[in-house]
Amino acid sequence: MNTTDRSLKLYNTLSGKKEEFQPIVPGHAGMYVCGPTVYYNVHLGNCRTFVSFDIIYRYLMHIGYKVRYVRNITDVGHLSDDGEDRMAKGARVAQLEPMEVAQKYTVDFHEMMRIFNTLPPSIEPRATGHIPEQIEMVQDILKRGYAYERNGSVYFNVRKFDQENPGVYGKLSGRVLDELLAESRDNLKSQDEKDDPADFAIWMKGRPGDIMVWKSPWSVGFPGWHLECSAMSTKYLGQTFDIHGGGNDLKFPHHENEVAQNHGACGCAPARYWLHTNMLLLNSKKMSKSEGNTISPTELFSGDSPHISKGYSPMVVKFFMLMAHYRSTLDINDDALQAAEKGYRKLMETNKILQKMTPDADNYDGSESDTDREILALIDQAYSGMDDDFNTAIALASLNEAGSYVHKLANQQLAAPEVSPWVLERLKTVFNAFIFDIFGLLDDTETAGDNGAVEGLMNLILDIRAAARAQKDWATSDKIRDGLAAAGIAVKDGKEGTVWVKQV
RNA sequence: GGUAUCGUGGCCGAGUGGUUAGGCACAGGUCUGCAAAACCUGCUACAGCGGUUCGAAUCCGCUCGAUACCUCCA
């Protein structure tokens, strides 16, 4: 597929509008997404963000872009409320070396990404592996006069930057600097060594006993959280690149400060398109550990949580995410998950039936039927949904509608010649493309890794059952059906034969 | 308190000036040895109050509610 054949629109937070995607280098796309801070098990909300960007990554590739997707691992510099480095705090609590903590939760994060069947990014840089680049960027910002040193720490001079580059600071998050200061909460106005409350640290002097510190021209210390993304995106994607993504909650201050840092260092904007995913809610409320309104991916899969009646497979959860647009809040609750589970199974089953169909070439007269046109229109609708800011909900709805033609054909409620052989082939290709390549779903109703043994056994068993049914030996037939049901396999008799599906 | 986004039928959730989203649930029907599935039909909404318009769920205003953010060694 040629990328110039289509108009892909993205909602750009920077402009607040949908814009046509025009890459810097035609046919190529550079995308940076803020990755996790690896001080604890990955949050389910984070998973949604990474699943959303995985689909964006996959779709860009599907429509022909050569994509470089960079997603970092934050393993230093992200401070918690009490000012302690999150990594160091996690380490202290668990009595581990900071790098032990980082390793543990990086492994956990990768495992979760694998479970959700997301593709690994092209590059996954770590903050601790890019200290020289970050020091260099601090130097660039100092050189251009947008930062100052105080007692071994370096602060970004937001006021001066704003005066010399009007309209840049605050554009992304829709804030006005003066209002921002006037309206900040009183308890946050504590004084410190900064010249102005709006300033933020880009290099911090380490405290006695800190382990995660590095030598720099200013002090032995560590980089500010915001700096790592600026430094690593610049290193791997260039000073200005195509897409920067992340969760909605990172807009301010993290992304706003990133923009300021990049401008401050090179005088240019980092990304042309800023994409933000929305939050995941639980029972219509934000997830909050202190109020017990939270659920981890593991609990969601196992069902070990008071919020859900049973466990849901990772693919059901992913399908559930696909039902909503990435910019909408999505409400997790038991009813919605059950609906998603049924919807997911139906789609996978429809695809299974579709892929087994063979076109009726003998009776094909070369004409295009109304059904052909309707199916083709639905395929177009699926693609134009994705082209319109990655609207997976529209794409899914289109596949569902197209799927009803598949069942009608299978049930012979629609005559086979009504669908032209090439339209059927196209539908097969499109279903596989959307389900597996773009959405990155797996068929968790299939038994993986048995080299087809189960498939072979099932074919044999169903052959025996078919023979019994042909002789109206209902006792044998039902014994097989009930036995399989007890083993977790549902048998469904259709006009074209019997299909089976594993109940997860 | 400020800023932003949002408020859609029994549930989840697209759409965003005139046209059936879709899924799940529910009811009736067709098919089937029975069951399941599938297919068909039905239920059919846009928080409230005003305004703009030939026409608004969609635009504007207000009210109510929800979510996020509001850095200052996050």
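Note: hydrogens, waters and symmetry copies are ignored here, and every other heavy atom, side chains too, is used. The structure displayed is predicted, hence computed values, not measured ones.
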Engineer: Does B/rA47 pair with anything, Watson-Crick or G-U wobble, both distances under 3.5 Å, and if so, with which nucleotide?
Structural biologist: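 Base-paired to B/rU63.
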Engineer: Please report the distance, rounded to the nearest Å, between NE2 in A/His276 and P in B/rU3.
Structural biologist: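 After rounding, the gap between these two atoms is 20 Å.
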Engineer: Taking atom P in both B/rA45 and B/rA35, what distance in whole Å separates the two?
Structural biologist: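 Looking at atom P only, B/rA45 and B/rA35 are 35 Å apart.
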Engineer: Closest to the A/Phe252 side chain: B/rC39, B/rC12, B/rC70?
Structural biologist: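 From the listed options, B/rC70 comes nearest.
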Engineer: Can you check the A/Trp474 CH2 to B/rU32 C1' distance for me, whole Å?
Structural biologist: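 It works out to 9 Å between those atoms.
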Engineer: With rounding to whole Å, what would you report as the distance between B/rC60 and B/rU16 at their P atoms?
Structural biologist: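 14 Å, rounded to whole Å.
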Engineer: Can A/Trp225 be classed as stacking with the base of B/rA74, given a centroid separation cut-off of 5.5 Å and a plane angle cut-off of 30°?
Structural biologist: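 It does not: the ring fails the test against the base of B/rA74.
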Engineer: Using the ring centroid of each side chain, check whether A/Phe301 and A/Phe116 are separated by less than 6.0 Å.
Structural biologist: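 That pair passes the under 6.0 Å test.
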Engineer: Can you work out whether A/Asn333 or A/Phe200 has the more 5'-proximal nearest nucleotide on RNA chain B?
Structural biologist: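 Final value for this comparison: A/Asn333.
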Engineer: Assess whether side chain to side chain donor-acceptor pair (under 3.5 Å) is satisfied between A/Tyr169 and A/Asn257, documenting all intermediate values.
Structural biologist: CA-CA 8 Å; A/Tyr169 196 84; A/Asn257 290 353; 2.6 Å; yes
Engineer: What's the closest nucleotide to the A/Thr329 side chain, out of B/rU71, B/rU67, B/rG15?
Structural biologist: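 Of B/rU71, B/rU67, B/rG15, B/rU67 is nearest to the side chain of A/Thr329.
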Engineer: Is any N or O donor-acceptor pair between the side chain of A/Asp493 and the base of B/rA37 shorter than 3.5 Å?
Structural biologist: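 No pair found.
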Engineer: Which nucleotide in the list B/rG22, B/rC24, B/rU71 gets nearest to the side chain of A/Ala339?
Structural biologist: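 Nearest listed nucleotide: B/rC24.
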Engineer: Between B/rA25, B/rG22, B/rG33, which one does the side chain of A/Met323 approach most closely?
Structural biologist: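 Closest nucleotide among those given: B/rG22.
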Engineer: Side chain of A/Asp335 only, please: which of B/rA21, B/rC11, B/rC39 is the nearest?
Structural biologist: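 Given the options B/rA21, B/rC11, B/rC39, the side chain of A/Asp335 is closest to B/rC11.
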Engineer: Can you tell me if A/Asp334 and A/Tyr312 form a side-chain donor-acceptor pair at under 3.5 Å?
Structural biologist: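 Checked: A/Asp334/A/Tyr312 side chains pair up, N/O donor to acceptor below 3.5 Å.
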Engineer: Give the nucleotide from the list B/rC70, B/rG13, B/rG22 with an atom nearest to the side chain of A/Pro253.
Structural biologist: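 Selected nucleotide (nearest to the side chain): B/rC70.
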Engineer: Does the base of B/rG33 carry an N or O that pairs as donor and acceptor with the side chain of A/Ser477 under 3.5 Å?
Structural biologist: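 Yes, the side chain and the base share a sub-3.5 Å donor-acceptor pair.
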Engineer: Out of B/rA37, B/rG33, B/rG13, which nucleotide sits closest to the side chain of A/Arg481?
Structural biologist: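 Of the candidates, B/rG33 comes closest.
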Engineer: With the side chain of A/Ala397 defined as its heavy atoms from C-beta on, choose the nearest nucleotide among B/rG22, B/rU67, B/rC34.
Structural biologist: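 Closest of the options to the side chain of A/Ala397: B/rG22.
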Engineer: Grab the CG-C1' distance between A/Asn391 and B/rG13 for me, whole Å please.
Structural biologist: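 Interatomic distance, CG of A/Asn391 to C1' of B/rG13: 11 Å.
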Engineer: In the structure shown, which nucleotide is the Watson-Crick or G-U wobble counterpart of B/rG42, with both distances under 3.5 Å?
Structural biologist: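 Checking every strand shown, B/rG42 finds its partner in B/rC26, with both distances under 3.5 Å.
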